[in-house]
Amino acid sequence: MDAFFASVELLRRPDLRGEPLVIGGRGDPREAHHARGVVATATYEARAFGIRSGMPLREALRRCPQAHFLPVDFSAYTPVSARFKQLMRECSPLFEDRGIDEAYLDISALPSSSLETATGLKRAIGSATGLSCSVGIAPNKLLAKMASELDKPDGISILEAGDLERRIWPLPVRSLPGVGPRTGERLHQHSIATVGDLAAVSPTWLAHLIGSSHAAWLHGAANGRDERPVVTEREPRSRSAERTFAEDVADRRELARRLGALCIELAAELAAEGYAGRTVGIKLRFADFVTCTRDLSFAGWTADVRTLRRAAFECLKRVDLDRPVRLVGVRVSDLRRSAGAGDALGESLASAGGNQEFDFGP
DNA sequence: TCTGGGGTCCTCTAGCCG
DNA sequence: TCTGCGGCTAGAGGACCC
């Protein structure tokens, strides 16, 4: 979906159409208590000012003081997301969900041509949601994703076997899925600037640079190879909840209170979805942006809020809190489906809401 | 000076055990 | 009894993606 969050916002704020619009964080960075946030999506009008996803909202404001800023509102985006995914599933059951605004669809067995299928799907999504999307068609997921980036917004791109050298190899190496900021920087240090440059290096040499597993994937990808199937069903591996504070927290009790609240939030989500976990972990990010994690595993699976909170506090005890903290998070992993977990959890949630004893370090 | 929140997967290390 | 080694797991951190 094109500039998804921003496009959904424009459906209910048509007065902002044509204006630079930035979606991110809790809203307007001009308000001090909303200032800590990053850009989730920006309209093409805002991108013209150099605003990009992941950029601090304050930086976006600096680049475009006249921009409009709106908070991220998942409750508005989720139903639209469900609608376009439903249309895709009706097109082919070989559907892979890849997050709120993109998905893969295996259309190789359909009777119509790829172009006809894509055109029909775009039209159906457009009339159902009022939004545009960009479609990439190719022999595998990697190339389909890269194709979808070639003609944005509102485009259709078809990549065929012979198009690799002409259309993919000239692209910057960063445009290859799996090459993020770190890998991109390392490759650039060795004068590997384009996908074609990467395709030409020795796999052995690349393995020395970035590790064998990553190298095998990237070298294949640069040469257009991708054997990954379209995955139609997936069980979650972990659930987490984290929060960045409006102001850094130095007080242990305050930190424990925030962590306890996140445990309650997370336990409620696990209960609602019927999962229990075997490992609890916490995450702290200090004022200097250094992140630290601590994990604790149980013998069995639990979704009990008191157990989660006790474990989270045990983890917290193991951290040297010598600096103020800007973010705290809790995560439950090694998930299993838990039949009937909801009932037990309801009771423990009720008891957790009252006065809490904080069982943590000195 | 600034840097979200939700995830996944991988690597490395240390400890345990046969 | 000591040592080495491979397999396994837990824990910590890193990279990446939407």
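Only heavy atoms go into these numbers, but all of them, side chains included; no hydrogens, no water, no symmetry mates. In what follows, chains are A, B, ... by sequence order, proteins preceding strands, each numbered from 1.
In dT1(C) the O4'-C1'-N dihedral to the base is more than 90° from 0, which defines an anti nucleotide.
Between R62(A) atom CZ and dT1(B) atom C1' the separation is 11 Å, expressed in whole Å. Between the CD atom of E247(A) and the C1' atom of dT3(B) there is a distance of 17 Å, given to the nearest Å. As rounded to whole Å, 19 Å separates atom P of dT1(B) from atom CE of M55(A). R26(A) places its CZ atom 11 Å from the P atom of dG4(B), with the value rounded to the nearest Å. When the P atom of dG4(B) is taken as reference, atom CZ of F5(A) falls 16 Å away, rounded to whole Å. Taking atom CD of E235(A) as the reference point, atom C1' of dT8(B) lies 15 Å away to the nearest angstrom. Protein atom CZ of R98(A) is 7 Å distant from nucleotide atom P of dC18(C), rounded to whole Å.
Ion pairing of K141(A) with E96(A) is present here, as a side-chain N (NZ or NE/NH1/NH2) and a carboxylate O approach within less than 4.0 Å. Salt-bridge annotation for D28(A) and R30(A): present, with a side-chain N of the basic residue lying under 4.0 Å from a carboxylate O of the acidic one. Remark: D334(A) engages R336(A) in a salt bridge, criterion side-chain N to carboxylate O under 4.0 Å. Looking at E314(A) and R310(A), no side-chain N of the basic residue comes within less than 4.0 Å of a carboxylate O on the acidic one, giving no salt bridge.
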Nucleotide N/O to protein N/O under 3.5 Å, stretch nucleotides 9-11 of chain B:
residue	atom	partner	partner atom	Å
dC9(B)	OP1	R234(A)	NH2	3.3
dC9(B)	OP2	R237(A)	NH1	3.3

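Note that R243(A) lies outside the cation-pi zone of F245(A), set by a 6.0 Å cut-off to the ring centre and a 45° limit from the axis.
Here the side chain of R174(A) is nearest to one of dC17(C), dG5(B), dG4(B), namely dC17(C).
Side-chain N/O atoms of K145(A) include one lying less than 4.0 angstrom from OP1 or OP2 on dC18(C). Put simply, R58(A) has no side-chain N or O that comes within less than 4.0 Å of OP1 or OP2 on dT1(B). In terms of phosphate contacts, R182(A) brings a side-chain nitrogen or oxygen within less than 4.0 Å of OP1 or OP2 of dA15(C).
Distance noted for atom P between dC2(B) and dC18(C): 29 Å (whole Å).
Counting heavy-atom neighbours within 6.0 Å of E247(A) CD, excluding the residue itself, gives a total of 12 or less. Few gaps surround CZ on R225(A); more than 12 heavy atoms of other groups in view lie less than 6.0 Å from it.
Taking 4.5 Å as the limit, every side-chain heavy atom of L308(A) sits out of range of all side-chain heavy atoms of V330(A). With a 4.5 Å cut-off on side-chain heavy atoms, S92(A) and F95(A) do not count as touching.
Across all strands, V179(A) comes closer than 4.0 Å only to sugar-phosphate atoms, never to a base (heavy-atom distances). Within 4.0 Å of S53(A), counting heavy atoms only, lies no atom of the nucleic acid at all. Contacts of A40(A) with the nucleic acid, taken as non-hydrogen atoms under 4.0 Å apart, are absent.
Projected onto DNA chain B by closest heavy-atom contact, S238(A) and R243(A) fall at different nucleotides, the more 5' of which corresponds to R243(A). If F74(A) and R331(A) are placed on DNA chain B by their nearest nucleotide, the residue sitting closer to the 5' end is F74(A).
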* **Where protein sits on nucleotides 8-13 of chain C, one letter per nucleotide: B base, S sugar-phosphate only, - none, heavy atoms under 4.0 Å** => --SSSS

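Under the 30°/60° scheme for interplanar angles, the aromatic rings of Y77(A) and F5(A) are found to lie parallel.
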